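In what follows, a single structure is set out as structure tokens and then discussed.
These numbers come from a predicted model, not from an experiment.
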Amino acid sequence: MGVLGGLLSAGTAYAAQPEPWQMTFQPAGSAIMEQIIWFERYTLWFIVPITLFVMALLAWVMVRYRASRNPVPSKTSHNTAVEVVWTVGPVVILLFLAIPSFQLLTAQYSPEEAKMTIKATGYQWYWGYEYQADAPVSFDSVMLKDTDRAAAGKEDRKAYPRLLAVDNEMVVPVNTTVRLLVTGADVIHSFSMPAFGVKMDAVTGRSNETWFKADKEGMYYGQCSQICGKDHAFMPIAIHVVSQSQYDAWFASAGKDLPGAYKALTAAIETNKNVSVAGN
């Protein structure tokens with residue numbers, strides 16, 4: 001049972017990606033996304049009853065007041081009670097929706113003090129990342145080709161899915177507030193990471209700012225969500241959330257040997273998985 005639990009936990013580390021026939025959000029990888037999921041479920045408690053009520057009301061009106069049953073229509077011009085109800089009712093409903101909506105917006109635009117800043121630049125058709133630090137690290141992130149999987153050590157299609165995996169992921173430490181500067185180099189792109197509740201347009205000549213704080217380790221996938229040309233569908237975003245020690249080791253070597261830094265990071269993660277499974 002312990003070994004099975006370890007295997008399951010290893011698999012769920014790569015859960016934040018689109019799934020076949022998925023009708024809900026991706027699993028939340030940040031506190032903001034958890035609030036977004038809660039708000040979506042909260043609004044359904046209003047949307048579903050209202051929709052059913054309106055459908056029932058329309059059906060009743062069509063049946064009760066059809067010409068064959070009601071040949072002489074009423075000449076009533078207004079009803080005070082009904083007018084009060086259909087004015088006050090929507091106002092109350094909107095208040096119940098507005099208050100948590102404003103709270104969510106406030107949380108989204110009130111980040112904690114950022115511990116690191118990354119600039120994401122959209123190109124036709126890939127992303128470029130620049131870690132703004134004393135010793136900056138920058139690299140391009142291009143969709144992984146099937147012919148390059150073996151050389152990159154990314155043959156596991158569950159962890160590195162087709163059309164979403166990239167050659168160089170953005171690597172960030174867990175439980176760290178990341179300030180993200182988003183811009184475009186040619187046309188308008190859009191940086192979208194569903195598991196973090198992040199979506200920001202990348203506009204040429206302009207720098208837009210957003211943030212995220214991942215609270216679970218693993219691989220997270222998104223895509224450019226702005227139609228940017230013929231290869232718009234082949235412009236994925238991959239963010240690898242790792243422990244602070246793994247991130248420090250990766251960053252220390254990434255500036256000198258980027259491929260080697262990724263191989264060392266992958267090896268360290270695989271070693272930790274094997275030790276976890278054996279320990280259980």
Side-chain angles (χ1 to χ4, degrees), residues 10 13-14 16-17 29 114-185 189 191 193 195-196 202 212-214 216-224 231 234-276:
Y14 298 98
Q17 57 181 270
K115 295 184 179 180
M116 58 185 298
T117 299
I118 301 175
K119 182 180 179 181
T121 304
Y123 300 92
Q124 290 182 313
W125 286 269
Y126 61 95
W127 290 93
Y129 300 125
E130 178 183 343
Y131 289 68
Q132 300 186 353
D134 294 336
V137 173
S138 61
F139 54 86
D140 293 332
S141 181
V142 182
M143 187 178 69
L144 184 67
K145 298 180 180 178
D146 288 342
T147 54
D148 297 333
R149 284 182 176 273
K154 298 178 178 179
E155 297 180 279
D156 183 355
R157 290 179 178 266
K158 183 176 181 181
Y160 305 100
R162 177 178 174 270
L163 301 182
L164 286 176
V166 299
D167 55 356
N168 302 316
E169 302 90 7
M170 179 193 297
V171 181
V172 299
V174 70
N175 294 321
T176 299
T177 301
V178 179
R179 178 171 173 252
L180 190 65
L181 303 178
V182 183
T183 188
H189 302 277
F191 189 96
M193 182 53 62
F196 298 160
F212 64 87
K213 182 179 181 181
K216 300 180 182 68
E217 295 183 31
M219 192 75 75
Y220 298 88
Y221 293 101
Q223 290 178 298
C224 173
D231 284 342
F234 308 104
M235 194 173 169
I237 302 167
I239 299 180
H240 200 170
V241 181
V242 298
S243 67
Q244 185 65 53
S245 59
Q246 290 171 338
Y247 169 78
D248 292 338
W250 173 85
F251 188 82
S253 60
K256 303 175 183 177
D257 181 14
L258 187 64
Y262 279 109
K263 289 182 180 178
L265 177 62
T266 301
I269 292 173
E270 291 300 325
T271 300
N272 288 345
K273 283 184 182 179
N274 293 335
V275 170
S276 176

Under 4.5 Å between any side-chain heavy atoms of [X] and [Y], yes or no?
X      : Y      : answer
Met235 : Tyr123 : no
Tyr160 : Met219 : yes
Gln132 : Leu181 : yes
Leu265 : Val242 : yes

Taking all non-hydrogen atoms of both residues into account, name the closest pair between [X] and [Y] and its distance.
X      : Y      : answer
Ala135 : Phe251 : O-CZ, 3.6 Å
Lys263 : Ala151 : CE-O, 4.1 Å
Pro236 : Trp127 : O-CD1, 3.4 Å

Using the rule side chain to side chain contact (heavy atoms under 4.5 Å, CB included), only one of Lys115, Gln246, Met116, Glu217 pairs with Pro173; which is it?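 It is Met116, the one option of Lys115, Gln246, Met116, Glu217 that forms the side chain to side chain contact (heavy atoms under 4.5 Å, CB included) with Pro173.
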For Met170, which of Ile237, Val178, Ile239 qualifies under side chain to side chain contact (heavy atoms under 4.5 Å, CB included)?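 Filter result, single survivor: Ile239.
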Please verify the inter-ring angle class for Phe196 with Phe212; under 30° counts as parallel, over 60° as perpendicular, anything in between as tilted. parallel
Taking the six-membered ring for Trp, are Trp250 and Tyr131 parallel (under 30°), tilted (30 to 60°) or perpendicular (over 60°)? tilted
NZ of Lys154: more than 12 outside heavy atoms within 6.0 angstrom? yes
